[in-house]
Amino acid sequence: MADTLLAASNLDAGVALVAAVTTDLVAEIRDRHDLWPTATAAVGRLTTGAALFGVGLGSNERVSLQIAGNGPLGTLAAEAWMLDERTAGARGYARNGRVELPVDARGKFNVAGAVGTGSLQVTRSSGIGQPYVGVVELRSGEIAEDLAIYLSQSEQIPSIVALGVLANPDGVVAAGGILARALPGADEGALATLEERAAAMPPVTQLIARHGDANALLRELAGDLELRSHHAIGIRFACRCNRAKVEAVLLGLGADELLQLTRERDRTEAVCEYCKTRYVFTAQELGDLAQRLTG
Ligand SMILES: [Zn+2]
């Protein structure tokens with residue numbers, strides 16, 4: 001089953017839910033970055049979180065999550081945005097993807113140990129004006145709880161977040177997540193009930209491996225609570241890089257620096273940290289860029 005984001009709500013109870021199946025998306029990130037299993041779990045959770053946060057984005061809007069941790073993974077980042085009206089795009093990376101820590105007694109990845117302590121920054125860009133930026137200290141480092149804390153502290157939205165990535169050295173078996181939030185002005189009774197259900201629920205990866213669809217996640221969390229206005233969109237890996245953006249970064253180095261590079265080497269390479277696309281510039285091309293700056 002293709003990766004999906006499925007949103008639904010119960011306006012009377014004052015809760016909105018969104019579930020994500022991101023198995024193929026996380027598998028592609030793992031393959032592009034050659035991530036080891038613990039790193040796959042961390043980047044997969046954060047990217048799935050970005051996808052859940054991105055539900056309802058307009059065409060020029062974007063949500064970016066960044067974790068600055070002192071663990072072996074280094075900085076983690078993920079983004080989601082709309083590719084068209086029916087498909088979201090997402091991407092993510094870890095500064096160091098070659099991280100593998102022993103699983104705990106229950107067989108769970110030690111994501112908190114790989115992330116370390118630090119902060120979570122969320123940036124919401126609308127394409128016009130200043131982006132909205134919020135930062136919270138990491139409390140658990142397991143990512144899902146940190147995203148829920150961010151929503152309640154920084155955006156005053158009481159929420160439940162569950163994220164899961166089941167990965168082994170051969171690949172990604174299942175990945176996905178679920179986000180429930182109280183709607184503005186709603187009393188938090190319904191959310192408290194969902195919180196109890198979330199605590200007793202099987203891991204999301206187990207539900208995805210068993211049922212394979214986002215609706216099963218919603219049903220499992222909602223229980224007796226009736227959900228309406230289901231809205232599904234696709235989600236897939238995508239990147240926002242292109243040669244013009246790399247040129248803009250190179251131009252930012254200034255003419256002297258560019259000319260220095262042309263003297264030092266025949267070819268200069270820039271690699272996109274999200275998709276690993278390699279952009280190559282010859283000394284001639286860098287010289288032309290420098291020419292643009294000096295006019
Ligand atoms: Zn890229």
Side-chain angles (χ1 to χ4, degrees), residues 2-3 5 20 22-36 39-55 57-69 73-99 115 120-127 131 133 143 165 167 171-172 175 177 233-253 257-258 261 265 267-282 285-286 288-289 292:
D3 285 356
L5 284 170
T22 55
T23 309
D24 293 344
L25 165 64
V26 176
E28 177 150 2
I29 293 171
R30 172 208 175 265
D31 292 348
R32 282 177 179 268
H33 294 257
D34 191 21
L35 298 176
W36 291 5
T40 304
V43 177
R45 286 184 198 176
L46 192 68
T47 309
T48 301
L52 292 170
F53 273 35
V55 163
L57 287 180
S59 58
N60 289 317
E61 297 173 339
R62 179 160 44 118
V63 61
S64 309
L65 310 183
Q66 191 174 54
I67 288 179
L73 289 169
T75 301
L76 292 164
E79 289 192 330
W81 66 98
M82 294 304 291
L83 297 169
D84 57 51
E85 281 176 15
R86 310 170 82 167
T87 319
R91 60 182 188 172
Y93 75 88
R95 183 72 65 202
N96 177 21
R98 300 277 170 100
V99 173
V115 167
L120 163 71
Q121 177 175 308
V122 178
T123 307
R124 294 185 186 271
S125 324
S126 63
V133 181
I143 300 177
V165 174
V172 176
I233 60 169
I235 179 157
R236 66 173 175 82
F237 178 86
C239 198
R240 304 172 62 82
C241 70
N242 57 46
R243 195 170 174 89
K245 286 182 185 172
V246 180
E247 282 181 4
V249 172
L250 288 169
L251 288 168
L253 295 175
E257 186 82 10
L258 287 173
L261 283 172
R265 56 189 91 175
R267 293 146 55 90
T268 297
E269 286 189 2
V271 178
C272 173
E273 49 193 354
Y274 278 104
C275 70
K276 296 290 176 188
T277 297
R278 205 170 277 279
Y279 294 92
V280 179
F281 292 83
T282 62
E285 286 168 328
L286 286 187
D288 291 346
L289 288 178
R292 262 200 246 169

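Counting convention: from 1, in listed order, for ligands and their atoms alike. Any value given below was found using the heavy atoms of this structure, including those in side chains, with hydrogens, waters and symmetry copies removed.
A donor-acceptor contact shorter than 3.5 Å links the side chain of T23 to the backbone of A175. Judged by distance alone, with hydrogens and angles left aside, the side-chain atoms of H33 form a donor-acceptor pair with the main-chain N or O of Y274 at under 3.5 Å.
Taken to the nearest 0.5 Å, the CZ atom of R124 stands 8.5 Å off from the CG atom of L65. To the nearest 0.5 angstrom, E79 atom CD is 10.5 Å from L46 atom CG.
Tested against F237 for a side-chain contact (heavy atoms from CB on, under 4.5 Å), the candidates D24, L25, V26 yield a single pass: L25.
Shown here are the side chain to side chain contact (heavy atoms under 4.5 Å, CB included) partners of R243, two or more places apart in sequence or in another chain: E247, Y279, F281, E285.
Excluding waters, the protein N/O/S atoms found under 2.8 Å from the Zn ion (ligand 1) are C239 SG, C241 SG, C272 SG, C275 SG.
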